[in-house]
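What follows is a short report on a single structure.
Just so it is clear, the values below take in all heavy atoms, side chains as well, and ignore hydrogens, waters and symmetry mates.
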Amino acid sequence: MDIKQVFEVGRTYSWAELGAVFGFKPNYLSAAGGMIPRTSHGVLILITHPEGGKSFDYEDYWEGADLIHTGRGQKGDQVLTGPNGDVANNRLSLLIFENVGTRQLRFLGSAKCTASWPARGPDVDGRDRVIYRFRLQFETSPAKSTEGQSNAPQSRRRPERSPRHFDPS
């Protein structure tokens, strides 16, 4: 059975439902991060937060129908090995989910990486570092909830994470 056919584009799945399909405990997703290899199923689960994640904003964003997804790794330079290399080289089927609430992920669809490139961005400590961006092109139209938003990553930052004007007084 093709695992990609198990999921319905636009449908929201609980962590428990995903755990049942992929063979992990639901709480695993709280520690696993945004790139979860399930090699026994031939897939890499990618979780995006175009509105910014709770603990760290990778600054994923939409460019037309393509999702620009940032690589794995919160500290120091990212590298194109492990799951980042899997995405860049399409070694596993990419299943894209979007966080839509507590323990809830909406299935956006299956995608292929059509380009990858190094960029600069802050790590979890605010230090500048090398990050990798991946252009993900969907097999069918993605179920986006972020229609109409600006594509610029900086415009998506939450106000408390945006730079403030310096007041010398």
Can you tell me how far apart [atom1] ([X]) and [atom2] ([Y]) are? Round to the nearest 0.5 Å.
{"X": "Lys112", "Y": "Asn90", "atom1": "NZ", "atom2": "CG", "answer": "5.5 Å"}
{"X": "Asp86", "Y": "Arg72", "atom1": "CG", "atom2": "CZ", "answer": "10.0 Å"}
{"X": "Ser116", "Y": "Leu136", "atom1": "OG", "atom2": "CG", "answer": "10.5 Å"}
{"X": "Gln78", "Y": "Asn84", "atom1": "CD", "atom2": "CG", "answer": "5.5 Å"}
{"X": "Leu18", "Y": "Phe7", "atom1": "CG", "atom2": "CZ", "answer": "5.5 Å"}
{"X": "Asp60", "Y": "His69", "atom1": "CG", "atom2": "NE2", "answer": "4.5 Å"}

- Message: Can you tell me how the ring of Tyr28 sits relative to the ring of Phe24, calling it parallel under 30°, perpendicular over 60° and tilted otherwise?
- Response: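 Ring orientation of Tyr28 relative to Phe24: tilted.
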- Item | Geometric class of the Phe97/Phe107 ring pair [parallel <30°, tilted 30-60°, perpendicular >60°] |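 Ring orientation, 0 to 90° scale: tilted.
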Using modelled atom types and a 3.5 Å cut-off, is there a donor and acceptor pairing between side-chain atoms of [X] and backbone atoms of [Y]?
{"X": "Thr39", "Y": "Gly42", "answer": "no"}
{"X": "Tyr13", "Y": "Glu8", "answer": "yes"}
{"X": "Asp123", "Y": "Gly76", "answer": "yes"}
{"X": "Asp125", "Y": "Arg127", "answer": "no"}

- Message: Could you go through Val43 and Leu94, starting from their C-alpha distance and side-chain angles, then the distance that decides it, and tell me whether this counts as side-chain contact (heavy atoms from CB on, under 4.5 Å)?
- Response: CA-CA 6 Å; Val43 302; Leu94 305 177; over 6 Å; no
Please report the closest heavy-atom contact between [X] and [Y], naming both atoms and the distance.
{"X": "Val9", "Y": "Gly109", "value": "CG2-CA, 4.0 Å"}
{"X": "Trp15", "Y": "Pro26", "value": "CE3-O, 3.1 Å"}
{"X": "Phe134", "Y": "Gly71", "value": "CE1-CA, 3.5 Å"}
{"X": "Val87", "Y": "Cys113", "value": "O-CB, 3.1 Å"}
{"X": "Glu17", "Y": "Ser14", "value": "OE1-N, 2.8 Å"}
{"X": "Val130", "Y": "Pro118", "value": "CG1-CB, 4.2 Å"}

Flag the pair [X] / [Y] as yes when at least one side-chain heavy-atom distance between them is below 4.5 Å, and no otherwise.
{"X": "Ile47", "Y": "Glu98", "result": "no"}
{"X": "Phe22", "Y": "Ile45", "result": "yes"}
{"X": "Phe138", "Y": "Leu67", "result": "yes"}
{"X": "Val6", "Y": "Val21", "result": "yes"}
{"X": "Ile68", "Y": "Trp117", "result": "yes"}
{"X": "Ile131", "Y": "Arg133", "result": "yes"}
{"X": "Leu105", "Y": "Asn99", "result": "yes"}
{"X": "Leu29", "Y": "Ile36", "result": "yes"}

- Quick one: do Arg129 and Asp77 make a salt bridge, cutoff under 4.0 Å?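 Judged by the 4.0 Å cut-off on N to carboxylate O distance, Arg129 and Asp77 do not form a salt bridge.
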- Task: Using salt bridge (charged side-chain N to carboxylate O under 4.0 Å, His left out) as the criterion, list what pairs up with Arg135, not counting sequence neighbours.
- Result: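 Listed in chain order: Glu63, Asp66.
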- Task: Evaluate side-chain contact (heavy atoms from CB on, under 4.5 Å) for Leu108 paired with Arg106, printing each intermediate quantity in order.
- Result: CA-CA 6 Å; Leu108 300 181; Arg106 179 186 13 230; 4.3 Å; yes
- Go through the structure and list residues passing side chain to side chain donor-acceptor pair (under 3.5 Å) with Asn27, not counting sequence neighbours.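 For Asn27, the residues satisfying side chain to side chain donor-acceptor pair (under 3.5 Å) (neighbours in sequence not counted) are Arg103.
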